[in-house]
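Okay, so here's the structure we're looking at.
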There are 4 protein chains.
Amino acid sequence: MTRRALNYRDYLRLDRLLACQAPVSGRGGPAAPDELLFIIVHQAYELWFKQILFELGVVQAEVAAPVVDDRAMGGIVHRLGRIAEIQGLLLRQLDVLATMTPLDFLEFRDRLFPASGAQSLQFRLIETRLGLRAADRVGLAARPPAAGLGAADRRVLRRAEAEPSLCDRVEAWLERTPFVETGGYAFRDSYRQAVRDMLERDAAVMRAGKSGRGVDLAALEAARRHFDALFDEAAHAALVAAGQWRFSARALQAALFINLYRDEPALQLPFRLLSLLMDIDENLTAWRYRHALLVQRMIGLKVGTGGSSGHDYLRQTADRHRVFKDLFALSTFLIPRSRLPALPAKLRRAMGYRYAEGGR
Amino acid sequence: MTRRALNYRDYLRLDRLLACQAPVSGRGGPAAPDELLFIIVHQAYELWFKQILFELGVVQAEVAAPVVDDRAMGGIVHRLGRIAEIQGLLLRQLDVLATMTPLDFLEFRDRLFPASGAQSLQFRLIETRLGLRAADRVGLAARPPAAGLGAADRRVLRRAEAEPSLCDRVEAWLERTPFVETGGYAFRDSYRQAVRDMLERDAAVMRAGKSGRGVDLAALEAARRHFDALFDEAAHAALVAAGQWRFSARALQAALFINLYRDEPALQLPFRLLSLLMDIDENLTAWRYRHALLVQRMIGLKVGTGGSSGHDYLRQTADRHRVFKDLFALSTFLIPRSRLPALPAKLRRAMGYRYAEGGR
Amino acid sequence: MTRRALNYRDYLRLDRLLACQAPVSGRGGPAAPDELLFIIVHQAYELWFKQILFELGVVQAEVAAPVVDDRAMGGIVHRLGRIAEIQGLLLRQLDVLATMTPLDFLEFRDRLFPASGAQSLQFRLIETRLGLRAADRVGLAARPPAAGLGAADRRVLRRAEAEPSLCDRVEAWLERTPFVETGGYAFRDSYRQAVRDMLERDAAVMRAGKSGRGVDLAALEAARRHFDALFDEAAHAALVAAGQWRFSARALQAALFINLYRDEPALQLPFRLLSLLMDIDENLTAWRYRHALLVQRMIGLKVGTGGSSGHDYLRQTADRHRVFKDLFALSTFLIPRSRLPALPAKLRRAMGYRYAEGGR
Amino acid sequence: MTRRALNYRDYLRLDRLLACQAPVSGRGGPAAPDELLFIIVHQAYELWFKQILFELGVVQAEVAAPVVDDRAMGGIVHRLGRIAEIQGLLLRQLDVLATMTPLDFLEFRDRLFPASGAQSLQFRLIETRLGLRAADRVGLAARPPAAGLGAADRRVLRRAEAEPSLCDRVEAWLERTPFVETGGYAFRDSYRQAVRDMLERDAAVMRAGKSGRGVDLAALEAARRHFDALFDEAAHAALVAAGQWRFSARALQAALFINLYRDEPALQLPFRLLSLLMDIDENLTAWRYRHALLVQRMIGLKVGTGGSSGHDYLRQTADRHRVFKDLFALSTFLIPRSRLPALPAKLRRAMGYRYAEGGR
């Protein structure tokens, strides 16, 4: 018995795929020529969401391993890079949607009620699996039933919320970083001293009145307190409770270490991983913001089709649905390479390849 | 005497242009390899700002004419389209700047103090000439001396602020639109009635309880009040005072008319003009927002090199430095084409070409 | 009886849409994690192809009207602009596909045989409906059965080939342009004289030896012959037969007229229409070329899954499947605005709006 | 004595930078409003070329080290990634240039003669330092004096041509890869056998007639010959002489090894390095092609301002000025991961980190 030769149309299920566009306009009313565009844009979004969820799934599984295999790091970084690339495409897709004018949208907008983009399960899943917690959500996003999310979808969402997110996995992975206190080397102490020296030098310059920046002494003092909290369990816990930090102090220290010593072979890909998490956070945020602008352009001051307050709600989520803010805030605590304490030779060696004495 | 043959290098003044990059790092300290990128990104921005200001100048002059020549409309729309295209490039340039990591920025960041992007005269001029008023500016942008803008630059800025902006010119041009009340046709009355009918129909459906959307009756009532204010001098003035509208009622009506009847030959390019003003506003806003994210990534919680509060300040300007919000809000008051009152034949004819009875 | 409330999932047929991804890897063999990406990229392409075909259909119908309604021009230009915008997205999608490495493709490539992108009916239909004729196609594209296109698809394709393409419609529309010989004004004569004068001036400068460009006299002579052929039926027919021109002389003259006098109100949108046809041609060409590079990267020197010779074949189509080359070539025959013969006042008036003596 | 406070304007040399735009139109003739755009686009290109050359310089120096420090690999890959990102911007810049219409270009085009983009020294230097040899250049690019490149520029170019290019450095670095024959493991033999087995299996299926792909037996045989040449000095030399390969057999084998075993920690960044070289080659090629299309649109069939044959010449360079074709061709010789011979445990260990038995 022979397998039937595969062809393009069957392989891609084109007969089904291209039958999934079912405009509501035109049924017992005038056709709205731009509704097809509206449908196809959203379907393309959902296809890409599926791909992002798939990539996230692979990455989550890899990072969840008790010990992340070094051989896996290249693949993890590759997949995160792909997610960022897809996000670039999704941002561009808004430009295509923007070719629909408000007047053309109006031709079929009322027929869509109460369907709404807030009902996209996959979009919520992406947020959740990245690390957005139910309690972080604002406005309509915080109330799935109000947003019109069906019971089955809500169950799927709750299950995803109950599982460790990528953010959780990354935090645990950071906490396991073997280098920060390895080999008798105390990154904490060495680094804290370097920062204190730097701040002291800056303060001395200011006190000498050479910069006319008297006002900055207060900022310097605040920076010092911030630094200290990073190494003080109680102070850190207070900041977590206040929503200022999410990651544990241990994880933040590891992330700092990776940022500062990223040139060591064993830290090069971990550094890219952290950078890509910021890229992904930034891309999602930029998409939300641009989407909010587009919605305002489409519907003005009106409420969205799902009953949300439209533009304002969406703009809020841009700022408040971010997941990896901690990584952005860490930049505050970087110090120039030239002031970095040198790593103990043994530690540096441990972060190199075994073959390294030979080499190319 | 013959003119010396032009060559590429001289034509573009490359010897001077490529000598304008003068890193501060490396002079009495270690070189910071990424400072060149930092300089070139900003210089490329300034080159493009110059181009945008040039295009704005041409457009402002054309729109300022007592009667905007119909032959000029194609050119105006073309130039606005070019500005939007350049903005797309400027947004992309942030991706290039983002390849500089916070640690690499730190190598030379302190040496830049107190220079700051807030001192870009050309960027402020673009905002001002689009229509941002001194009083609209927030934070540091509102205090040019504090922002470090020199006396000469402040004079140039004040002069630009004293002149009619593109926004002013467009408002006046809209007010001159000959169609809105031409030929005995009263767009106001006809349109208001159509909107009232639409709202009445919607309310009837709701009252009949068929939609279960009881809550929306309040929204309907609010929408009706909004519509009415658009045609009531006093109510409109109150909204202007409250910062809800910027354009005059006359100009807003004309903009609505153009949006609604944009298929008439004489309105096709005016419609594109209004759309492009929204594109430009949106692009500038998106750039500001994305820039704010990037700054947060670079410096974390620190203040900017110019002493501004960094990320938060920049994010604020994204929302509050917008100029053409009125055009976005107008979408609230559009009605579907199918409910548009037909234009009087004479008016429609006036908006067509003279040759039109012949034709292609 | 009440209509069930619409929701997002049902509206977009997500249950079906998201069930259309059926990787062949993993069935009786190891799963290839990147096959999902491969499928989704191609499905996204097909969704967008459907949208492009829809927009083309609307435009073709509008341009086919015996007299293209001036009220329709804004819409036609808008839709062509949307197609160009979608093409920008499709180009960007290649960057996403490029995140699949050759080694990852290899995991499932053999299982796809003999399915091939050359079997995309919708892509061929886009080409055909734009104006690519069966005889223009090169390589595998010229032999649909060899390319694996099924009998039903071939019938659909043949039917599309039998109908007037957008290129045909545009040619006929250009031929109907009422201005070129309207009102006793002979664009032909006036313009030809201007060109002859220009060439004569250039030749005089050269003969005077001031430029040292002796070699260019031959080029000048060739340009003159080219110009003349444009106005000589027999010479033009010979060039058509030689594949140098596709449009009739009448249509080419009209396109030139539109390019040269595009500031006249009645020509502003026709000019944009011609520009957009070039954008679309250029975007499709750029996509083909970039796709060819990507295929070479993926499979090296091998043949494609459909048995085509891969990269070389695809690169050939980039150059030879272009449809609107004539419009690009016309740039050869433009003359500076300053040397344009003034249009007769009556003709200029005919190309303005009826209301125009009033104005804004 | 105190250092004067730095400000934005001085830091960026804005007074000079913004005085470098000197249109030729308008001097003793009508101003051409689009000439400023033309100048600024090209100046922005030159700024970015300077940045690319800087990055290339850093990368070339790092790769030139007798032993490339593993700590440097992250930085090398980062800089190549930045070059690719800048290229993405340069591609986008063509869209901005394309907003200049042919008629607007014509207003000042003749005044530019004989200046030409072919005279851009920095563009040629980029090509040369990537690895384009003088003998590889086609058309005008092959004759710098004819292209109008001045004597000083030609000297700079010749000097660059005399130095090892990035391509040369990468080849040498590949040849030094310690893994390919390390530790008694013979990648050659092991891999060749795997390939032979694969081809044999394929041939057996075909002979059994199950696929109906009789014609492919010839292709299989050709592929086998290709494989063999890769491991046969004389056969390889013949292919180099025929211009089919550029890299040595040793370097090609190392590149293959890196592609196939890229998951090993020590190969993850080398794999990204090779991928980025392909990205850069592809981006440059795509830019050249798109530029050729744009030139055709601007000037039609005419010669370029520098006397080049315009579009055709530029299109030729797109295909023939590529530098890293070898890396693309290598895809031909990849085999699926599942058929890869396992590496000896000792070799795998050598390519891991020293710390690896501990881990995260």
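Below, each value reflects all heavy atoms present in this structure, side chains not excepted, and no hydrogens, waters or symmetry copies. Quick note on labels: first sequence line is chain A, next is B, and so on, each numbered from 1.
- In this structure, D:F271 CZ and A:H78 NE2 are separated by 7.0 Å, a value rounded to the nearest 0.5 Å.
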Verdict with reasoning, D:R262 to A:R71, per side-chain contact (heavy atoms from CB on, under 4.5 Å):
CA-CA 9 Å; D:R262 65 184 189 211; A:R71 304 181 81 240; over 6 Å; no
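- Interatomic distance, A:Q268 CD to D:I76 CD1, rounded to the nearest 0.5 Å: 9.5 Å.
- In this structure, chain D has a heavy atom under 4.5 Å from the side chain of A:L269, while its backbone stays farther away.
- With a threshold of 4.5 angstrom between heavy atoms, A:R348 approaches chain D through side-chain atoms but not through N, CA, C or O.
- Remark: the backbone N or O of D:R354 is paired with a side-chain donor or acceptor of A:R354 at under 3.5 angstrom.
- Atom CG of D:D70 and atom CG of A:D263 lie 12.0 Å apart (nearest 0.5 Å).
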